[in-house]
Amino acid sequence: MSELLIYLDGKFVPKSEAKVSVYDHGFLYGDGVFEGIRAYNGRVFKLKEHVDRLYDSAKAIAMDIPLTKEEMSEAILETLRKNNLKDAYIRPVVSRGVGDLGLDPRNCGKPCVVVIAQGWGAMYGDLYEVGLKAVSVCVRRNAPDSISPNIKSLNYLNNILAKIEANEKGGDEAIFLDHNGFVCEGSGDNIFVVKNNKVLTPYTISNLKGVTRATAIELLDEMGYKVIEANLGLFDLYTADEVFVTGTAAEAAPITRLDGRVIGTGKPGPMTMKMVEAFEKITQSTGAPIYK
Ligand SMILES: *Cc1c(COP(=O)(O)O)cnc(C)c1O
């Protein structure tokens, strides 16, 4: 098998040679933004939405990406073509660029643009059938007046701390609360609660505005279930009929245990299963074609 080719500042370089400077502020300070995108069956799912969000994240940290959105989309598609990929996980990264040891971004040159694309199957393996065991964590989600959780930034320590805590407590996924005790999201996915045939999800002030979240809302709407945004507490999760999380990496995944409580019947519920099915269908049949 030939070596994976990585897009790095306009060139395609073999994985073993794809390197950035230790003076890049992405490395020194986590100063930059990223995306996580999937391609299914020769199409990139929601490419425009992901590229738009990448530019929104960049704008929020006052960084100009040195490519147009069209050029970025083409770089993503070309990375897939160069590696003959039809099904893939794609990771565009834009870091602030090479600066000095001070944190002032004005001393950084051009932002560095990387696109990695590789095969990656179901993130949670065979857990989709039994459901994930989640734990709520002590570390709170970044407040919106701190590093906004709406920014998919390279500074993911908040999420990593949650993951470490979940690992420590034996959970497959972490559930974040904000400083008011409201449920925010998982460490890298949005959360949905089903109770008495109603579907609820937190407002996006405290979480990433997930492309999969928006897709799930659309799909549920088409099935005749209006999703209601609400402030939710752990009580709402413990007593839910079903809980599931959504994200590009995780896709749609049921949560059947939380903090030692069994959620609903303890098995992935009917609404969750319908969602998973509809999500699979839409990802297999829509998206930006990679090959002409
Ligand atoms: C990426 C991400 C999500 C999910 O967003 P998608 O657009 O559905 O992939 C949710 N929460 C966090 C913290 C994320 O980083």
Side-chain angles (χ1 to χ4, degrees), residues 30 32-40 44-58 60-61 73 76 88-94 116-117 120 122-124 132 134 136-137 139-144 146-166 171-178 182-193 201-220 227 229 232 243-255 272 275-276 278-280 282-283 286-288:
V33 295
F34 75 100
E35 267 303 318
I37 313 175
R38 271 187 193 268
Y40 299 87
V44 182
F45 187 61
K46 302 279 181 189
L47 177 61
K48 183 183 184 300
E49 286 78 356
H50 283 285
V51 169
D52 283 348
R53 188 174 62 193
L54 181 69
Y55 281 71
D56 283 350
S57 291
I61 67 162
S73 306
I76 289 166
Y89 180 78
I90 308 150
R91 170 59 58 85
V93 179
V94 186
I116 305 169
W120 192 21
M123 180 167 138
Y124 287 115
L132 309 183
S136 59
V137 292
V139 60
R140 293 294 172 255
R141 190 74 179 108
N142 297 327
S146 173
I147 303 171
S148 164
N150 297 154
I151 303 170
K152 215 168 170 81
S153 88
L154 292 184
N155 189 323
Y156 250 39
L157 269 179
N158 187 223
N159 310 60
I160 290 162
L161 290 176
K163 190 73 197 166
I164 289 168
E165 206 180 318
D172 304 309
E173 179 54 309
I175 303 298
F176 266 124
L177 306 182
D178 66 14
F182 296 136
V183 171
C184 304
E185 61 176 334
S187 67
D189 30 56
N190 295 105
I191 191 158
F192 288 82
V193 171
T201 193
Y203 295 101
T204 56
I205 185 77
S206 67
N207 52 57
L208 194 94
K209 297 177 194 240
V211 171
T212 320
R213 176 187 185 275
T215 305
I217 291 172
E218 261 174 49
L219 292 173
L220 287 161
V227 178
E229 291 186 319
L232 301 169
V243 174
F244 62 90
V245 291
T246 64
T248 298
E251 302 174 286
I255 289 185
T272 306
M275 244 310 300
V276 171
F279 186 71
E280 218 173 276
I282 197 175
T283 52
T286 64

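Quick caveat, the model's predicted, so the values are computed rather than measured. Order of appearance sets the numbers: ligands from 1, and atoms from 1 within every ligand.
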Practice task
May I ask you to check whether over 12 heavy atoms, not counting those of Glu280, lie within 6.0 Å of atom CD?
Solution key: no

Backbone, side chain, both or neither: what part of [X] comes under 4.0 angstrom of ligand 1, heavy atoms only?
X: Asn207; answer: neither
X: Ala249; answer: neither
X: Lys209; answer: neither
X: Thr248; answer: both
X: Arg141; answer: side chain

Would you mind running through ligand 1 and noting each atom that sits below 4.0 Å from a heavy atom of [X]?
X: Asn159; result: 13 (C)
X: Arg53; result: 5 (O), 6 (P), 7 (O)
X: Asn190; result: 4 (C), 10 (C)
X: Lys152; result: 1 (C), 2 (C), 3 (C), 14 (C), 15 (O)
X: Ser187; result: 13 (C)
X: Tyr156; result: 12 (C), 13 (C), 14 (C), 15 (O)

Problem - Contact (N/O only, under 3.5 Å) between Thr246 and ligand 1 - result: no

So, do [X] and [Y] sit near enough that their side-chain heavy atoms are less than 4.5 Å apart?
X: Glu185; Y: Ile175; value: no
X: Ile90; Y: His50; value: no
X: Asn142; Y: Ile151; value: no
X: Lys46; Y: Thr215; value: yes

Okay, side chain of [X], backbone of [Y]: is any donor-acceptor separation there less than 3.5 Å?
X: Asp178; Y: Ser206; value: no
X: Asn190; Y: Leu208; value: yes
X: Thr201; Y: Glu229; value: no

Practice task
Compare Gly188, Gly210, Gly247 and give the one whose heavy atom is closest to atom 3 (C) of ligand 1.
Solution key: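 Nearest heavy atom to atom 3 (C) of ligand 1 lies in Gly188.
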
Completion exercise
Check: of Val211, Asn150, Asp189, min heavy-atom distance to atom 6 (P) of ligand 1 comes from Val211

Handout entry: atom 8 (O) of ligand 1 [closest protein heavy-atom partner, distance rounded to 0.1 Å]
Key = Thr212 OG1, 2.6 Å

Exercise for the section: Give the residue and atom name of whichever protein heavy atom lies nearest to atom 12 (C) of ligand 1, and the separation in Å to one decimal. Expected result: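 Checked against all protein heavy atoms, atom 12 (C) of ligand 1 sits closest to Glu185 OE1, 3.4 Å.
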
Exercise for the section: Describe, in one word, how the ring planes of Tyr156 and Phe34 are oriented to each other, choosing from parallel (under 30°), tilted (30 to 60°) and perpendicular (over 60°). Expected result: perpendicular

Exercise for the section: Specify the closest pair of heavy atoms between Gly36 and Lys152, including all atoms of both residues, with the distance to one decimal. Expected result: N-CE, 4.0 Å

